[in-house]
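The analysis underlying the following values was restricted to heavy atoms, covering all of them including side chains, and did not include hydrogens, waters or symmetry mates.
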Amino acid sequence: MRVGKACKLAILLACSTACSTVATAPLAANDHAGARQMPEGDWQTIHRDPAATRYSPLADINRANVGTLKQAWAYRYNAFNQAVPLVIDGKMYFPAQNRIVALDAATGEEVWVHTHEFPASDRPGPPPSFAGRGLGYWPGDSDHGPRLLVTTGGTLMAFDIANGEVIDSFGDNGAVTIDPGYTGTPTITGNVAIIGAASLENPQGNEGNPRAFNVITGEKLWEFDTTPGEGEPFHDTWGGGAEGRGGTNMWGFAATVDESTGTAYLPIAGPAHNYYGGDRPGTNVFGNSVVAVDVETGEYKWHFQTVHHDLWDIDMSHAGPLIPVTAPDGEEHMALANVGKSSLFFVLDAEDGEPVLPVEERRVPPGDVPGEYYHPTQPFPVVTPPLSRVEMTYQDIVGPEDTTPEHSEACYAMWDRAGGFLNLGPYTPFMFRAEGQPPRSTIQLPGGIGGVNWGGPAADPTTGMIYVNALDTSLVGWVEKVEGDEPYSFDTSAEGPLPEYDRASVDGKGPFFTFSAPLSGEYDDNGRPVGPSLPCYKPPWARLTAVNANTGEIAWAVPLGQYDELPEGRRVLGNAGSAGPTVTAGGLVFVGATNDRRFRAFDANSGEQLWEAQLQGNANANPFSYRGSDGRQYVAINAGGQIVSFAVEQ
């Protein structure tokens, strides 16, 4: 049964009509009668709300006055991470290495700082610390005060929000061991905390199963098996390769939740190995899927697979925001707007996972790696074109008029050195190169970071508009038989069996080489680029894009980010990282995901840039907006090791 759109909006935006002084009502473990009652000025999850909209209902900052935004305060925390701070009742909370920091969100002054003494570790690498993506918030109940939950890689911990003290009654003296660890934020709904798994890409290795824990006791509630065993549904999609399979994890920073139905939407990434799957023939369900489960039990409800038998490291970095949409046939849906590294835009009914906008299976090109399985088709949206570049030819190489003559010449030289780059359109596989044979290079577009990566979309639930930072990236090379006993990639360890085949290129072993060249056209004696490198295909290379989830039509797309090294008049070519935007009721889209140390605001209706601020570092985190204890609206960003907050001049 579907409810009317007015009802859906009332459920989703119930928090938006409350004044900022209204207390947040806790949800009991089995209370899913409605959405969390969030004060309009709060930012209570990494994506503001359980529905993962990143939509602020505040409109004090709007199109008319955004040009007067000035820095209100900055707090340097002497670390670097991708955290989106939480703001609850005028106070801001975020992790910083071995600290959890609480600030007055109107002034940036410290309220408390908890410095944690982690047990000594004999493991190599940096010392233990809190995960750098952010915190989870639980509002408490009649017997327990509000608390913050955070992962440390190998544990899940709980802290008193009032003073930052460890809550000893949670788990074992405040901590629950989790293996494998997780570096995202706990997704909290009712009394349930859901986490993913930061497992490696070993073909045989740790399972990447999402898990859930009781936020009061730390008791484990459920674990969802992403690689179904024998006798379980979808086991036959693995061709006997599911047992002990690594990867297939929820590494995304958070899940999306519909608190009115008690459903969590889990983003499940691709299976290991990233670039060879001959030992897992089949579609590999639940890899590369949005999986809907019951938040209390983890019981499976439905799934939608966006990539069959992933050979491109496309993964699933987020499930997408949950919003009401009206399809072209007039039918109303609560739906997920899912767009990931492939840059393909899917709108899925939240009740059953069926596409709201049409999707069709299209044939894709096969490859020739020995023993590999190539699925003949992949799902494509019918209406919305890819939001990033997905193909190129020799004629698409950047020209001197696009950047500089030196850069263009270096790009043509790279093409020749690689023996050219094969691309047959979306899902072109990396072809096989035998030892001793000439270069045989493929180019994948978009590359391993997308498309749309972990920053994900922002959504306006009042209009159905979706806003994303979509990148034009590439990966180049071939597949070869693995030589030696060392892994080709940092995300594969030598502890488990190596894949039989892996990626390499004319630049060496490994999967992360791109079709790019130094702007200077010069390389040092070690073959390293002198100065910054730019992509070798025609720009723009990153866009802020608005898509109407009701129709699938692109409303607008504008280049996002600039290169100050380029001549005047050709700088704004798109220069962005993996973070995403935030949208507000003031008609603004804020984004700081660019590699040019800038924070920008765009008109949500037209894409026109209305405001820009210089930052001390790149903002590789999503923006957030809130109301301070002084009643003012602020918009803030985590950039260059500090939190920077802006407000309209008074």
Side-chain angles (χ1 to χ4, degrees), residues 10-27 34-61 72-73 75 83-95 100-108 111-112 134-141 145-150 159-162 185-190 193 215 253-254 256-257 259 321-322 458-462 582-586 588 590 621-638 643 645-647:
I11 291 171
L12 191 62
L13 299 177
C15 58
S16 301
T17 57
C19 69
S20 59
T21 58
V22 175
T24 302
L27 282 169
R36 182 181 305 186
Q37 298 296 307
M38 188 188 307
E40 66 173 6
D42 276 13
W43 193 278
Q44 292 189 359
T45 80
I46 185 174
H47 299 308
R48 185 179 184 268
D49 49 37
T53 63
R54 292 214 303 276
Y55 170 79
S56 170
L58 301 177
D60 299 355
I61 302 172
W73 57 263
Y75 178 86
V84 178
L86 307 183
V87 180
I88 298 147
D89 194 23
K91 296 183 178 63
M92 182 181 296
Y93 307 90
F94 60 93
I100 298 177
V101 179
L103 305 177
D104 184 313
T107 64
V111 176
W112 54 256
L135 306 167
Y137 164 67
W138 182 64
D141 61 17
R147 57 184 60 177
L148 300 169
L149 270 67
V150 64
F159 296 87
D160 190 323
I161 200 171
T185 67
T187 299
I188 297 177
T189 176
V215 298
F253 294 4
T256 301
V257 174
E259 291 195 321
L322 176 70
D460 185 338
T462 68
T582 283
V583 61
T584 74
L588 300 169
F590 289 95
N622 298 334
F624 59 109
S625 188
Y626 61 90
R627 192 178 299 285
S629 57
D630 57 359
R632 301 172 72 192
Q633 180 185 355
Y634 295 83
V635 60
I637 191 78
N638 178 1
I643 309 298
S645 189
F646 297 84

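Shortest non-hydrogen contact noted between Ser629 and Asp104 is OG-OD1, 3.8 Å. The two atoms that bring Ile188 and Ala193 nearest to each other are CG1-CB, 4.1 Å, heavy atoms only. In terms of heavy-atom proximity, Ala72 sits nearest to Tyr634 at CB-CE2, 3.8 Å. Between Ala647 and Gln633, the shortest heavy-atom contact is CB-O, 3.8 Å. Ile46 and Leu86 get closest at one heavy-atom pair: N-CD2, 4.0 Å. Between Pro461 and Ala459, the shortest heavy-atom distance links the atoms CD-O, 3.3 Å.
Shown here are the side-chain contact (heavy atoms from CB on, under 4.5 Å) partners of Thr187, two or more places apart in sequence or in another chain: Ile194, Ala254, Ala255, Val257. Partners of Phe253 under the ring pair (Phe, Tyr, Trp, His ring centres under 6.0 Å) rule, at least two apart in sequence or in another chain, are Trp454. By the salt bridge (Lys or Arg N to Asp or Glu O under 4.0 Å) test, Asp60 is found to be paired with Arg627, residues two or more places apart in sequence or in another chain being considered.
The distance from atom CD of Gln44 to atom CG of Asp89, rounded to the nearest 0.5 Å, is 10.0 Å. Distance check, rounded to the nearest 0.5 Å: CG of Leu322 to OG1 of Thr53 gives 9.0 Å.
Residues Ile88 and Ile161 have side chains in contact (heavy-atom distance under 4.5 Å, counting atoms from C-beta outward). Val84 is not listed as a side-chain neighbour of Phe94, based on a closest heavy-atom distance of 4.5 Å or more. Here the side chains of Trp43 and Thr582 are in contact, with some heavy-atom distance below 4.5 Å. Between Arg54 and Asn622 the shortest side-chain heavy-atom distance falls below 4.5 Å. Two residues are said to be in side-chain contact when any heavy atoms from C-beta on lie closer than 4.5 Å; Tyr75 and Val101 meet this criterion. Side-chain contact between Thr584 and Ile61: absent, with no pair of heavy atoms (C-beta onward) separated by less than 4.5 Å. The side-chain heavy atoms of Thr45 and Thr185, taken from C-beta on, include no pair separated by under 4.5 Å. By the 4.5 Å heavy-atom criterion applied to side chains, Arg147 and Asp160 are not counted as neighbours.
In terms of modelled atom types and a separation under 3.5 Å, the side chain of Asn638 and the main chain of Ala83 share a donor-acceptor contact. Within the 3.5 Å criterion, the main-chain N or O of Ala105 finds a donor-acceptor partner in the side chain of Trp73.
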Verdict with reasoning, Val215 to Leu149, per side-chain contact (heavy atoms from CB on, under 4.5 Å) | CA-CA 8 Å; Val215 298; Leu149 270 67; 4.2 Å; yes
Where do Met38 and Asp49 land on the side-chain contact (heavy atoms from CB on, under 4.5 Å) test, with the steps shown first?
-> CA-CA 8 Å; Met38 188 188 307; Asp49 49 37; 3.8 Å; yes
Test side-chain contact (heavy atoms from CB on, under 4.5 Å) applied to Phe624 and Ile643, step by step = CA-CA 11 Å; Phe624 59 109; Ile643 309 298; 4.3 Å; yes
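Considering Ser56, Ser645, Pro85, Pro39 as possible partners of Tyr626, the one that fulfils the side chain to side chain contact (heavy atoms under 4.5 Å, CB included) test is Ser645.
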